[in-house]
Amino acid sequence: LAMSCVGSTVAMNVTSRAVSPERRSFAMGLVSAAGSVGLLGVSPVAQASLAADGHVGALTAFALLAAVMVPAAWFAGRADLIERPADTGPRQSMREALVEAGRHPGFVVMALAYFVCGLQLVFLTTHLPTYIAMCGMPSSVAAATLGLIGLFNALGSLAFGWLGGRYSRRKLLGGIYLLRSAIITAYFLSVPTPTTTLLFGAVMGALWLGVVPLVNGLVIQLFGLRYMATLVGIAFFSHQLGSFVGAWGGGVILSALGSYEWAWRGAVIIGVVAGLAQMNMSVRPVARMARAA
């Protein structure tokens, strides 16, 4: 719930209001990439802080880091003063916005596909280190693979933000889900080695959070800016439910069957279904936005 109400949903809303429509997709990709770089940089700092000062020292350091965001957030809140009527359409209540989104088949498909996105990603981040250890590789391979995911995630976010401003967002989103499923299949069907594992991390990282600028861009296209953060937050809640299922379900399957075979097969199957559905989703703006345009 907390992740759905804050984080990237609010940051993307601020970004979308602060830049011109022509630069919006790339700007959202840039902000998403910045988050990936932050994750990549802060992970070793967290480990060093835990080793040197224990959990109390590490939590204190992260509380101070979070405090830095308060004045930045206050300043960014000035984006609420920016109004672009063509991007918002006639005023409506929150209830009207939620009913409108719930009746749009494209939004429903996108939210359900986001569930699959969360399932695939958190299944990998939670269980890939265990799988690597089961295959007899050292823990350093798992750490390096997760690091590559973070590095290439930043590059992928930039790339898909740029592409989203030039090509069909729904086809790019569907392509991400289909490519992820193909790469997961290729990796788990082969005999893993340190080299193929690192390559897997790099390629998956490039497809990791490129969905963020695309999903936000589609919500703006369908419904406008006014309730963008709310609607993306609802879709992201679906993502977080998928994250729970990916982490917990992978553990249940491993405990019951002794291997991850049916876990990755399930992730691939629903990934293909989500990708095909996403590619064919309705991207027709609601009548309110069509009239404003």
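Numbering of residues begins at 1 and proceeds along the displayed sequence.
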Quick one: side chains of residues 138-152, donor-acceptor pairs under 3.5 Å with protein atoms, not counting sequence neighbours, listed by atom name and distance.
| from | atom 1 | to | atom 2 | distance (Å) |
| --- | --- | --- | --- | --- |
| T145 | OG1 | V141 | O | 2.7 |

Query - Between W264 and Y260, ring centroids under 6.0 Å - result: no
Query raised in the report: Can you tell me if Y227 uses its side chain to pair, donor with acceptor, with the backbone of Q92 under 3.5 Å?
Result: yes
Query raised in the report: What are the two closest non-hydrogen atoms of S181 and A267, and how far apart are they?
Result: OG-O, 4.4 Å
Report task. Evaluate the side-chain proximity of L158 to F26: yes if any heavy-atom separation is below 4.5 Å, no if none is. Result -> yes
**Report entry** Pairwise side-chain contact, M12 with V232, heavy-atom cut-off 4.5 Å (strictly under)
**Finding:** no
Query raised in the report: Once the angle between the rings of F200 and Y187 is folded into 0 to 90°, is it parallel (under 30°), tilted (30 to 60°) or perpendicular (over 60°)?
Result: parallel
Report task. Drop me the distance from C117's SG to M110's CE, to the nearest 0.5 angstrom. Result -> 12.0 Å
Report summary line: Apart from I253 itself, members of its ILVMFWY cluster (side-chain separation under 4.5 Å) are L257, W262
Query raised in the report: Out of curiosity, I220 CD1 to M28 CE, how far, rounded to the nearest 0.5 Å?
Result: 4.5 Å
Query - Beyond-backbone contact of F160 with V211, side-chain heavy atoms, under 4.5 angstrom - result: no
Query raised in the report: Using the ring of each side chain (for Trp, its six-membered ring), is H127 parallel, tilted or perpendicular to F123, with breaks at 30° and 60°?
Result: tilted
